[in-house]
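The structure appears right after this line, and notes come after that.
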Protein chains: 2
Amino acid sequence: MAAAKNSDGTVGKALSVLDKVALFGRPVRFSEILADSEFPKATLYRLLQTLTNQGMLGYDPDRQLYSLGVRLVGLAHAAWNQASLAPIARPLLDELSLKVDETVHLGQLDHGQVLYVDKRNPKLPLNMFSDAGKIGPGYCTGVGKAMLAYLDKPLRDKLVSQQSFHRYTEHTITNSDDFQAELATIREQRVAYDREEHEPNIICIAAPILSSKQRVLGGLSITTSTGRYTLEELEKFKPELLATAHKISQLAQSWHFPETNS
Amino acid sequence: MAAAKNSDGTVGKALSVLDKVALFGRPVRFSEILADSEFPKATLYRLLQTLTNQGMLGYDPDRQLYSLGVRLVGLAHAAWNQASLAPIARPLLDELSLKVDETVHLGQLDHGQVLYVDKRNPKLPLNMFSDAGKIGPGYCTGVGKAMLAYLDKPLRDKLVSQQSFHRYTEHTITNSDDFQAELATIREQRVAYDREEHEPNIICIAAPILSSKQRVLGGLSITTSTGRYTLEELEKFKPELLATAHKISQLAQSWHFPETNS
DNA sequence: ATTGTTGTTCCACATATTGAAACTAGGTTT
DNA sequence: AAACCTAGTTTCAATATGTGGAACAACAAT
């Protein structure tokens, strides 16, 4: 049969519904979900009920609105603690962001996209779920490129082919060939640059965090704006960046850490 | 037959496995999960596979360890934004915590327990998943008691009966009767006090956040230590606390918010 | 080599899921 | 107020999915 259908059984379907609701980004009506769902009414209905029962979705009977459930927040707390580099890397992020006096991001790969698991901004010391948990594109962010560059070829090719290459700015790389070339350059330089590829005026330098077996654990970046530094000047952060990435990697090793596999 | 089995179908089982893994709090072996699982080997195996496929679990093939998946963190980000009071309440928490110069917590109910969705500490402005997402007992925390007190009787009774009443300190309330009495007192006073019931030397004053229909949306507390204030002195925060709770409630109303239903 | 332990696959069987269609509850039009 | 929508919920036979005992592989330890 070969080809990979993307749903494993009922659980897969249920989770895809979860995603749908998440995607709306606000509480939604049954019919709204039904509208862009492949499931028939009754099926969708039961899936929603199950998820609601399970606390993965919340339901407001007065307004008839489904929203993501609070249970997710609790699970994520656990996930963040045990499956992300964030709790280990935390002191190192503090240190780095203070030293360079710029924003630092810590990301991991999730299905070819970047999931930011932590962030430090030395000026605005406010961070929360609103920062961590954010997902960004893999092909036009510093951490994304740094991580993708260091995957082994088969996985890298697979994920590259899945990128959607939306042109965010005039500098965004918009096809796989250029992107593969960029990744090769990154491997040579050992760091990735974001040259206003995702947002105008935002530039960054990023490095992968690799396990001792050279598997990609995550990515680390120093982000700034063109108003503060030129792209060339970013290079001066390279030693600090690599040093911190390496330290995180060592800490991760010693306190057994799971490797991201997608 | 009748009685409510707590699992709805395969999805329920899969999610219970997720919880199990979360509960370990660290990456685990297949056999460890099997050990305290009611599922037979093959079944558990397939559930784990499905969850892993779906990115809800991560799997490290080298070490053969399952851990919570990063996908959860992304979902939670969305959940936090759309289903929690946190994003709306944020500026008000800032304001309150600065004004009283103490730590403030914002919580919501999740299956009779308290889920902290945000926190502000005016001294240590470091907060993250490591604070938000934390789950605490309902019967011995300020926000927990404040929220439980204001539920309508049937739901309240149900949740009270589900509390586990572990004696954390000598002040912890350890049976439903005393607890129901306490809840009555709270309704009279309009605020709940935590009298070192959860942790020694930690005290707090808390109020519920109610919708216009008097449904419980969440809870807000000001936490301090016996070293800084006596229990009696906490009362002076009551006006500020109630005012802020009310403001949050109003904001929540205007930007449609789902009500917690368990 | 031999045994033990842990993880993976098989397959007949049972159960949970499916979805068209019927139904109900509210709201809107005639 | 009756007739008519529309959005949401329930039913039920057909069947796709999930189940779990047992056999099997992979690998360690003896």
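A, B, ... follow the sequence lines: proteins, then strands. Residue 1 opens every chain.
Residues meeting the ring pair (Phe, Tyr, Trp, His ring centres under 6.0 Å) test with His166(A), sequence neighbours left out: Tyr168(A). For Phe179(B), the ring pair (Phe, Tyr, Trp, His ring centres under 6.0 Å) criterion is met by Phe165(B), not counting sequence neighbours. Residues passing the side-chain hydrogen bond (donor to acceptor under 3.5 Å, both in side chains) test with Glu182(B), sequence neighbours excluded: Lys145(B), Arg195(B). Remark: Lys247(A) pairs with Glu95(A) by the salt bridge (charged side-chain N to carboxylate O under 4.0 Å, His left out) rule, at least two apart or across chains. For Asp157(B), the side-chain hydrogen bond (donor to acceptor under 3.5 Å, both in side chains) test picks out Lys153(B), Gln180(B), with sequence neighbours left out. Looking at residues two or more places apart in sequence or on another chain, you find no side-chain hydrogen bond (donor to acceptor under 3.5 Å, both in side chains) involving Gln162(B).
Remark on the helix from dA1(C)-dT30(D) to dT30(C)-dA1(D): inter-end axis angle 30°, axes from five-pair C1' superpositions, rounded to 10°.
Under the 4.0 Å criterion applied to side-chain N and carboxylate O atoms, Arg46(B) and Asp8(A) are not assigned as salt-bridge partners.
Rounded to whole Å, atom C1' of dT9(D) lies 12 Å from atom CG of Leu44(A). Going from atom CZ of Phe30(A) over to atom P of dT6(D) covers 16 Å, rounded to whole Å. Between the CG atom of Asp60(A) and the P atom of dG8(D) there is a distance of 13 Å, given to the nearest Å.
A nucleotide of DNA chain C counts as in contact with chain B when one of its atoms lies under 4.0 Å from a heavy atom; the first and last such, 5' to 3', are dT6(C) to dT17(C).
Legend: ring-ring contact (aromatic ring centres under 6.0 Å, His included) pairs involving residues 143-164 of chain A, not counting sequence neighbours: none detected. Within the structure, salt bridge (Lys or Arg N to Asp or Glu O under 4.0 Å) contacts touching residues 73-86 of chain A (residues at least two apart or in different chains) do not occur.
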Letter per nucleotide, 5' to 3', of nucleotides 13-30 of chain D [B base touched, S only sugar-phosphate touched, - untouched; heavy atoms, 4.0 Å] = ----SSBBB---------
Would you list the atom pairs, donor with acceptor, under 3.5 Å between side chains in residues 29-36 of chain B and any protein atom, with sequence neighbours excluded?
residue  : atom : partner  : partner atom : Å
Glu32(B) : OE1  : Arg26(B) : NH1          : 3.4
Glu32(B) : OE1  : Arg26(B) : NH2          : 2.9
Glu32(B) : OE2  : Arg29(B) : N            : 2.7

